[in-house]
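Since the structure comes first, as structure tokens, the remarks are kept for the end.
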Protein chains: 2
Amino acid sequence: MTQAPPCCEENLPPVLVITVDEMAAIAKALAHPARIRILEQFDECVPRVVGDIVADCRLAQSTVSEHLRILREANLLFARKDGPRTWYCVRRSVLHAFSRALDDLAIEPVLHQASGH
Amino acid sequence: MTQAPPCCEENLPPVLVITVDEMAAIAKALAHPARIRILEQFDECVPRVVGDIVADCRLAQSTVSEHLRILREANLLFARKDGPRTWYCVRRSVLHAFSRALDDLAIEPVLHQASGH
DNA sequence: CGACTCTATCGCTGATCGTCGATTTGTGAA
DNA sequence: TTCACAAATCGACGATCAGCGATAGAGTCG
């Protein structure tokens, strides 16, 4: 276990709004227990290397690498190469934007009425 | 368009916590643009019949019925039969529980530190 | 240079998904 | 009963997914 670099997300632009297609793409990336557990492994803003992530899954290295690719392409993880290793960290702003978009799908009646009809 | 009955969710118990497998199952149900759009169709707490939902999708009746089944089995929709029709409405508490669980995946560092390490 | 480590990608398999038309089931009306 | 209608289910098809071992490529250390 190597010394972790600072959080990877710090210099990325914050995510504000999401389209329906983007929501579906993010949901698809989350649609597997192994991928949820991988995200759960991340503590706060601390990046992790693939080897450690693999060690905490009961799956082949190639399978975990594939799950990481899926999470990365959905912008739920950010990858930073560091010599032979790759550090991953969670894109919390994307997760939050998705969670907010879900809440908007389920707007409270009272809020809806308050905005004018 | 028939007169809608009162909200279907009113007498269902609220959803509090979700397991990893349940999160993945909900995400899988959300992992298709057509299903997100179906949820978007619902206004506040107003139930809808299948015919109206089909009319707002560009998909065959059988395809929409299948999407509704998937949303229903993930507890994102609740169905109530009324004569030859079926009224659907959104289970907002499930959507909210899922959204909260996602936020927990992305706990802010400051909150995490405040709870003791 | 060669040997080794770390990670990503390839190729394959079986399983599941998305879509449709056709059919079935259930209900109410004539 | 007979008919019409609403919705669910069936059967089939191609497409995509999840898993693995094997391999490739990039980097490090002697």
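Throughout, a chain's letter reflects where its sequence line sits, starting with A, and its residues are numbered from 1.
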Salt bridge flag under 4.0 Å for residues E40(A) and R37(A): no
Distance check needed: dT7(C) P versus D82(A) CG, whole Å only. 10 Å
Single-linkage hydrophobic cluster V20(B)~L59(A), side-chain heavy atoms < 4.5 angstrom: yes
Interatomic distance where CD1 belongs to I38(A) and C1' belongs to dG19(D) [whole Å]: 13 Å
Contact check, side chains of L30(B) and M23(A), non-hydrogen atoms, under 4.5 Å: no
Quick one: is dG18(C) close enough that its OP1 or OP2 comes under 4.0 Å of any side-chain N or O from R35(B)? yes
Please assess Y88(B) against R80(B) for the test side-chain hydrogen bond (donor to acceptor under 3.5 Å, both in side chains), listing each intermediate value before the final yes or no. CA-CA 6 Å; Y88(B) 278 91; R80(B) 184 203 283 176; over 6 Å; no
Proximal nucleotide (of dG27(D), dA6(D), dT7(C)) relative to the P84(B) side chain: dA6(D)
Gap between atoms CG and P, on L77(B) and dA7(D) respectively (whole Å): 14 Å
Under 4.0 Å from any atom of DNA chain C, heavy atoms only: list the residues of residues 53-68 of chain A that qualify, in numerical order. Q61(A), S62(A), S65(A)
So C57(B) and H67(B), do their side chains get closer than 4.5 Å, heavy atoms only? no
How about D56(A) and I38(A): do any of their side-chain heavy atoms sit closer than 4.5 Å? no
Does dA8(C) have OP1 or OP2 sitting under 4.0 Å from an N or O in the side chain of Y88(A)? yes
Rounded to the nearest angstrom, tell me the gap between atom CZ in R85(B) and atom P in dT27(C). 14 Å
How many whole angstroms separate atom CD1 of I36(A) from atom P of dA18(D)? 12 Å
Over how many whole Å does the gap from E73(A) atom CD to dT16(D) atom P extend? 14 Å
Contact check, residues 22-32 of chain B vs DNA chain D, heavy-atom distance under 4.0 Å, returns none
Calculate the interatomic distance between W87(B) atom CH2 and dA8(D) atom P; express it in whole Å. 14 Å
Side-chain contact, heavy-atom cut-off 4.5 Å: V94(A) with I26(A)? yes
Side-chain heavy atoms of L68(B) within contact of V64(B), under 4.5 Å: yes
Tell me which of R72(B) and I70(A) sits closer to the 5' end of DNA chain D, going by the nucleotide each one is nearest to. R72(B)
With a 4.5 Å heavy-atom cut-off, do L76(B) and R91(B) have their side chains touching? no
Between atom CZ in R48(A) and atom P in dC6(C), what is the gap in whole Å? 15 Å
